[in-house]
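For ligands, and for the atoms within them, numbers begin at 1 and follow the listed sequence.
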Amino acid sequence: MTQRVLFVCLGNICRSPLAEGVFRHLVTERGLDDRIEVDSAGTGGWHVGEGPDPRSLEVAVRNGVSLDGQSARRIENGDLADFHWVVAMDTDNERDLRRLAEASGEARIHRLRDFDPEGAGDVPDPYYGGPQGFDVVYAMVERSCRALLDRVEAELGR
Ligand code: 4NP
C-alpha cells in the first residue's frame with residue numbers, strides 16, 4: 001500500500017516545506033518515489049500560495065535538497081483522513097491538529113521529533129530569528145526524517 005505523509009507547521013513556509021523537501025529527497029534516495037507520497041501544510045492561512053521562505057530555500061540548496069514546486073496551503077479537514085502520517089513540527093501544531101480531529105487521540109498525528117534519535121521536543125519556529133536558526137532546524141528535521149522514513153518504510157510491506 002502507498003503511504004502518504006503530511007508535514008504540518010504554522011505558516012507552511014519555513015519548517016514543513018523543509019521537512020517535505022528533505023523527506024522526499026530521502027524517499028528518492030531509497031528508490032521509493034512510487035510507494036510514498038509527501039506533502040506539507042500550515043495550520044494558519046497567512047501565507048497561502050507563497051513559496052518557501054528564502055532562508056529555508058538557502059539551507060535546503062546548501063544541503064542538496066530541492067524545494068521546487070512547493071506552495072503554501074492550509075490544512076483541510078480531509079487531510080486527517082487522507083494521510084497515514086500527519087507530522088507536526090511543534091506542540092502547538094499538534095494541539096491544533098488534535099482540535100481539528102475533535103480532540104481525539106488520533107493515532108496518525110505525531111510530532112516530528114518524537115522520531116529524533118537525539119531526543120524528542122519541538123522544531124522551534126525560526127521565522128523571527130536569524131539564519132542560524134534555520135541550520136538548527138535543518139539538522140533536527142534531517143535526522144528525524146531519516147528515522148521517520150524507517151518507520152514508514154516498514155509499513156509498506158504490510
Ligand atoms: P513556519 O514559520 O510555521 O515554520 O512556516 C512561520 C511562518 C510564518 C509565521 C509564523 C511562523 N507568521 O506568523 O507569519
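- Numbered from 1 in the order shown, with element, the atoms of ligand 1 that lie under 4.0 Å from a heavy atom of I13 read 5 (O), 7 (C), 8 (C).
- Applying the salt bridge (charged side-chain N to carboxylate O under 4.0 Å, His left out) test to R4 and every residue at least two apart in sequence or in another chain returns E37.
- Ligand 1 has no N or O atom lying under 3.5 Å from any N or O atom of S16, backbone or side chain.
- The existence of a salt bridge linking D116 and R143 is confirmed by a sub-4.0 Å separation between a basic side-chain nitrogen and an acidic carboxylate oxygen.
- Side-chain heavy atoms closer than 4.5 Å link hydrophobic residues (I, L, V, M, F, W, Y) into clusters, and following such links, even through other members, never connects V38 to I109.
- Near D125, the atoms of ligand 1 lying under 4.0 angstrom from a non-hydrogen atom of the residue are 2 (O), 6 (C), 10 (C), 11 (C).
- Ranking the protein heavy atoms by distance from atom 1 (P) of ligand 1 puts C9 SG, 3.5 Å first.
- In this model, a donor atom of one side chain and an acceptor atom of the other lie less than 3.5 Å apart for D90 and N93.
- Looking at L6, D79, D92, V86 one by one, the single match for side-chain contact (heavy atoms from CB on, under 4.5 Å) with L97 turns out to be V86.
- At least one side-chain heavy atom of L10 sits under 4.5 Å from a side-chain heavy atom of W46.
- Residue L10 has at least one heavy-atom neighbour below 4.0 Å for each of these atoms of ligand 1: 3 (O), 10 (C), 11 (C).
- For ligand 1, the polar-atom distance check finds no N/O of P126 at less than 3.5 Å from any of the ligand's N/O atoms.
- Of the protein's non-hydrogen atoms, C14 N, 2.9 Å is the one closest to atom 5 (O) of ligand 1.
- Here is the list of ligand 1 atoms found below 4.0 Å of a heavy atom in Y128: 13 (O).
- By the 4.0 Å N-to-carboxylate-O rule, R30 lies close enough to E153 to be salt-bridged with it.
- The closest donor-acceptor contact from the side chain of D122 to the backbone of T91 lies under 3.5 Å.
- With hydrogens left out, the protein atom closest to atom 9 (C) of ligand 1 is Y127 CD2, 3.6 Å, a heavy atom.
- Within the listing of ligand 1, atoms 8 (C), 12 (N), 14 (O) sit less than 4.0 angstrom from a heavy atom of H47.
- Note: an N/O pair closer than 3.5 Å links N12 and ligand 1 by distance alone.
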